[in-house]
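Input: a single structure, listed below in structure tokens.
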2 protein chains.
Amino acid sequence: MSMPKRTSLLPDWLVHVDGAGLRDDVTAGLTIAAMLVPQAMAYAMLAGLPPVIGLYASTLPLVAYALLGSSRHLAVGPVAMISLLVFAACSKFARPGSEDYVATVLLLTLLTGVLQVAAGVLRLGFLVNFFSHAVISGFTSAAAIVIALSQMKHLLGVKLGNERNVFKLLAQIARHVHETNAVTLLLGAVSITGLYILKKRYPRLPSAILFVVCGTLLTYVGLSRLGVATVGDVPRGLPAFSVPTIDLASIRRLLPTALVIFFVGYMESISVAKYVAARLSYEVNPNRELLGLGAANVVSSLFSGYPVTGGFSRTAVMYQTGARTQRAAIVAAAAILLTLLALTPLFYHLPNAVLAAVIVVAVAGLVDFQEAVHLFRMKRADGLTFLLTFVGTLAIGIDQGLLMGLIFSLGLFIWRSSHPHTAELGYVASEGVFRNLRRYPQAKTYPGVLILRPDASLYFANMKFLEDHLAREMAARSDTKWVLIDLSGVNDIDAVAVDTLERLMEAYEHSGIRFAYASMKGPVRDVIDRAGWPAKYGLRVTYPSIQRALDGLGVSSAPGLMGSTLDT
Amino acid sequence: MSMPKRTSLLPDWLVHVDGAGLRDDVTAGLTIAAMLVPQAMAYAMLAGLPPVIGLYASTLPLVAYALLGSSRHLAVGPVAMISLLVFAACSKFARPGSEDYVATVLLLTLLTGVLQVAAGVLRLGFLVNFFSHAVISGFTSAAAIVIALSQMKHLLGVKLGNERNVFKLLAQIARHVHETNAVTLLLGAVSITGLYILKKRYPRLPSAILFVVCGTLLTYVGLSRLGVATVGDVPRGLPAFSVPTIDLASIRRLLPTALVIFFVGYMESISVAKYVAARLSYEVNPNRELLGLGAANVVSSLFSGYPVTGGFSRTAVMYQTGARTQRAAIVAAAAILLTLLALTPLFYHLPNAVLAAVIVVAVAGLVDFQEAVHLFRMKRADGLTFLLTFVGTLAIGIDQGLLMGLIFSLGLFIWRSSHPHTAELGYVASEGVFRNLRRYPQAKTYPGVLILRPDASLYFANMKFLEDHLAREMAARSDTKWVLIDLSGVNDIDAVAVDTLERLMEAYEHSGIRFAYASMKGPVRDVIDRAGWPAKYGLRVTYPSIQRALDGLGVSSAPGLMGSTLDT
């Protein structure tokens, strides 16, 4: 399965063509196209756009990614989460469905693309690490629920406003539920059940197209007279080229959302790309992924599309149907272009309820409470982050919820790193090492020596904590002559920390208490050397281990420890 | 010098009064007042406000802090840095000097105060750790230069617009320098020189008041006829009570600046408060400091003031003149109230050039290039952060510069923690410990065993890096049977990291390579236990030390190491 290394600027699959590989890619590409047609239309509607925009976004952007991206299996196109974000942001500035709304979306798409290309060129792929896993899962689970609820209007066949808040959505549904069109509900329920079963049984089949065809036939032969709403006119023809209207005020307004779509889109895309790449042992390059997705979005904004990214379910299918290269995506794009040229009149009778069913089944798998339980069990703080993001996204709003989660996880991180775990150590004979006295109360201590192990890199933000900790420890004891700091957990140190330690040593020296350091690592040693410590303080700052330090300070060595005889 | 512990809700100095202490506090308070009068007027003008607003901000806000804050020596009032920030933000929304401008400033003051009180009540004092030392020093140095340049119009006696950008400031100065009023320049130059010398020689003296008196007398007897500009009318009377006009649009507009003033003000204040408290061995409480400063700002916004904080120079003087409690601040506030009631007509002839000299001398000490050199020497990344913030603040704008510094330092942090230092270890006999092979090429290695020490907490953001690192190491060798991971530098681990390690172990197991772990710390052990590792993988995940691990794995022990005999 492994591919030759890419040697030219052009993707390998464009240069070398072999028959079997081509056949596999065509099969996979047609499968993807069959999935894309209903999904793209449904997601575009979710984003408050005419369905044809979804189809436009499923053509040239795929080609742009294929030429620049680094994943062989990523299926780019409209996805549910991004569509919801587009709707949440743009419906604040323009009425969904209006021309103004489409113009706003096009500018947002361009912004997202430009940000991604810039980040790719500047090699800022690592910045997404800022989004913690707990925030992303909490957000995804809540957004999936909001998306499913937003489809209730199509599934019940009632008219509802474009609400973004889950409470308002529920209230509206409750007010209008008595207007439900029974035939529409039945059609939706059957589609959801059928799609769900087929997805579980035959994950590689583009089963949605089956329901699209059946649903269309049913309304064509009569259901539309029973009040089943359909997609209606979908214009025929290729996407037109246009440059979004660029004005500074709109850019400033849309920038926060563009950043969110950038990050969320990239996260979804890189996770699934990495997952598939790991299975087939090839590499995806974060910065080239950004470049590919950015180019796809720029192209999308120029050809009447809307923000796209690598989708989870379609990428999985692309992999499972045996696609070998991005040729499959090109095939899919070509198929959708043909659809746009010839088949759009057929969508006139396509029931909205079937498209809603496609969305609901697609997002149902994203609600992941097991993950929440797992996070809570492993680490309460991660679980809390999930919960806060989840509740915030559901109850307040999807962008605010994500922001709340991010701020909370950042705050948590700052809190943790300014209140590091610090252990007082004693010698545990049975293990032959020095351990936290709290956990090993039987550990041997040494009269006159306080052995401390701060479990954090030392920097400006946590030195106050360390200082206070030391003061408390010293207040509780009177006979201390030596403070021995074990630096095995100190992976890094900054200039403020070095200055603070010097000041502390000077202050304690007045009370006859001296400091020694053991187990210093290379990167810390470099800083300490530049600060001139070895010259100023001598050997006592560079003991290789606690044992050696105790020997060097003339304190009785640990029983059974041969430290001092090691190098004789 | 040590004080009894505070036992009631009221500050101790309000309950217990002793004669000597009271005398010291009165002396210090009057000194502070003499410093405050010129500084407050000068800083208010720097903020684009009438000078009397500075005096208003030096009355009741001081009392509010005195009652709620925890520092005994913090001298609250207008400061240069905050005044510049107020000007930079509010001049975007209203013309400096206009009524609208004053209203904007009052709302900003209220916002800042409310944010600080809220942060104090919610105990969010630790959040300021977000501001790295390098960012703050770079910002302070650049802002001091901008402030000094902004005073050139008063020192040259020419009319210049209200520019915030240093290039535009310089261009304006160059265009107008030929209009310089020689007498004004001479007065300013003499004041700067004199103030500078007196400040060095007699740091406790409120020397500015001397120049204020002399300058006023000189213009009164004739300099004003030579074109020396003076302060003019300063209204007599107490600050009036009013509630700022609160509208949501303005709040949204001012919120970012309020946050910046909140942080910068708090940083300046807490640093000097802690510095003095450490000298006299008492404690300042971060959250009570926020509460005190917040209350001062809320009071300031209700009584025609503008944002205040604990100032560096005045606090130093308060400490040096022997103040014992915040009674000194109350005395200062009372003296300023008396000044407002009786002395303001005297300021009519006070030359602007003298006030400008007061500002220039006050901020000159804040430009700290030595700190930049120190940071560069100790750690290049810190130096770069300083430089970027400094250049950004000077060349682009003071708020943008601060933001750039913050984003850069955050990005740097994320980069560092997702690319952790990882060492391959070998046994260094002379030190009796395991060390990085890169630094100790002579260290002994063990055939079939790769010993890795990742120097970072393991979490979702750096597992990909670790995985790649491991893959590279394994590709370079073929005989490896064991990967022994030394966790001494791993202070924390998250759920994603645990899952990734499990997946890695499973994948490598297929190639006959197994994993073992040594030197796991308590907090990491807790997570591992919850993940069920000891049951799943047995003893090999919990070796207390590398030596024990090598013994346990049946690999020949380090020469001379008595590891395996320790507990027999």
Side-chain angles (χ1 to χ4, degrees), chain A residues 124 126-127 129-130 132-134 274 374-375 377-379 382 410-411 414-421 423 428-433 435-436 438-439 455-456 459-462 464 488-492 494-496 498 519 521-523 527 530-531 544-545 547-548 560-563 565-567, chain B residues 124 126-127 129-130 132-134 274 374-375 377-379 382 410-411 414-421 423 428-433 435-436 438-439 455-456 459-462 464 488-492 494-496 498 519 521-523 527 530-531 544-545 547-548 560-563 565-567:
Chain A
L124 297 179
F126 71 88
L127 276 184
N129 295 333
F130 185 47
S132 96
H133 172 70
K274 272 190 186 168
H374 177 64
L375 288 173
R377 204 170 53 88
M378 294 291 282
K379 202 147 191 185
D382 286 350
L410 187 67
I414 296 173
W415 196 88
R416 259 192 220 147
S417 69
S418 48
H419 298 76
H421 181 260
V428 178
S430 64
E431 303 202 338
V433 289
R435 289 279 200 189
N436 190 349
R438 282 252 187 103
R439 288 172 186 261
D455 284 349
Y459 71 123
F460 68 94
N462 57 22
K464 173 67 184 153
S488 63
V490 176
N491 298 316
D492 206 354
D494 79 351
V496 175
V498 172
S519 322
K521 295 181 177 183
V527 179
R530 286 199 288 276
S545 62
Q547 291 94 323
R548 290 292 181 98
L561 254 186
M562 304 286 143
T565 62
L566 273 176
D567 44 356
Chain B
L124 298 179
F126 71 89
L127 276 184
N129 295 333
F130 185 49
S132 96
H133 172 70
K274 272 190 183 169
H374 178 64
L375 287 175
R377 204 170 53 87
M378 294 291 281
K379 200 147 192 185
D382 285 351
L410 187 66
I414 296 175
W415 196 87
R416 257 191 222 151
S417 68
S418 47
H419 299 75
H421 181 261
V428 179
S430 64
E431 303 202 340
V433 288
R435 289 278 201 190
N436 190 349
R438 281 253 187 104
R439 288 170 186 264
D455 285 350
Y459 72 123
F460 67 95
N462 57 21
K464 173 68 185 151
S488 64
V490 176
N491 298 315
D492 206 353
D494 80 350
V496 175
V498 173
S519 321
K521 294 181 177 183
V527 179
R530 283 199 290 275
S545 63
Q547 292 93 325
R548 290 294 181 96
L561 254 186
M562 303 287 143
T565 63
L566 273 175
D567 42 356

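In what follows, chains carry the letters A, B, and so on, assigned in the order in which the sequence lines appear, proteins first and then strands, with residues in each chain numbered from 1.
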From the list D494(A), L124(A), D382(A), D492(A), the residue making the most non-hydrogen contacts under 4.5 Å with chain B is D492(A)

Given the options V490(B), D455(B), N462(B), P420(B) meets side-chain contact (heavy atoms from CB on, under 4.5 Å) only with N462(B)

Across all chains, not counting sequence neighbours, the side chain to side chain contact (heavy atoms under 4.5 Å, CB included) partners of P523(A) are K521(A), H421(B), R439(B)

The side chain to side chain contact (heavy atoms under 4.5 Å, CB included) partners of R438(A) (sequence neighbours excluded) come to N436(A)

So, the part of V496(B) with a heavy atom under 4.5 Å from chain A: the answer is side chain

The interface call for V428(B) against chain A, heavy-atom contacts under 4.5 Å, is neither

Between R416(A) and K379(A), the two heavy atoms sitting closest are NH2-CE, 4.3 Å

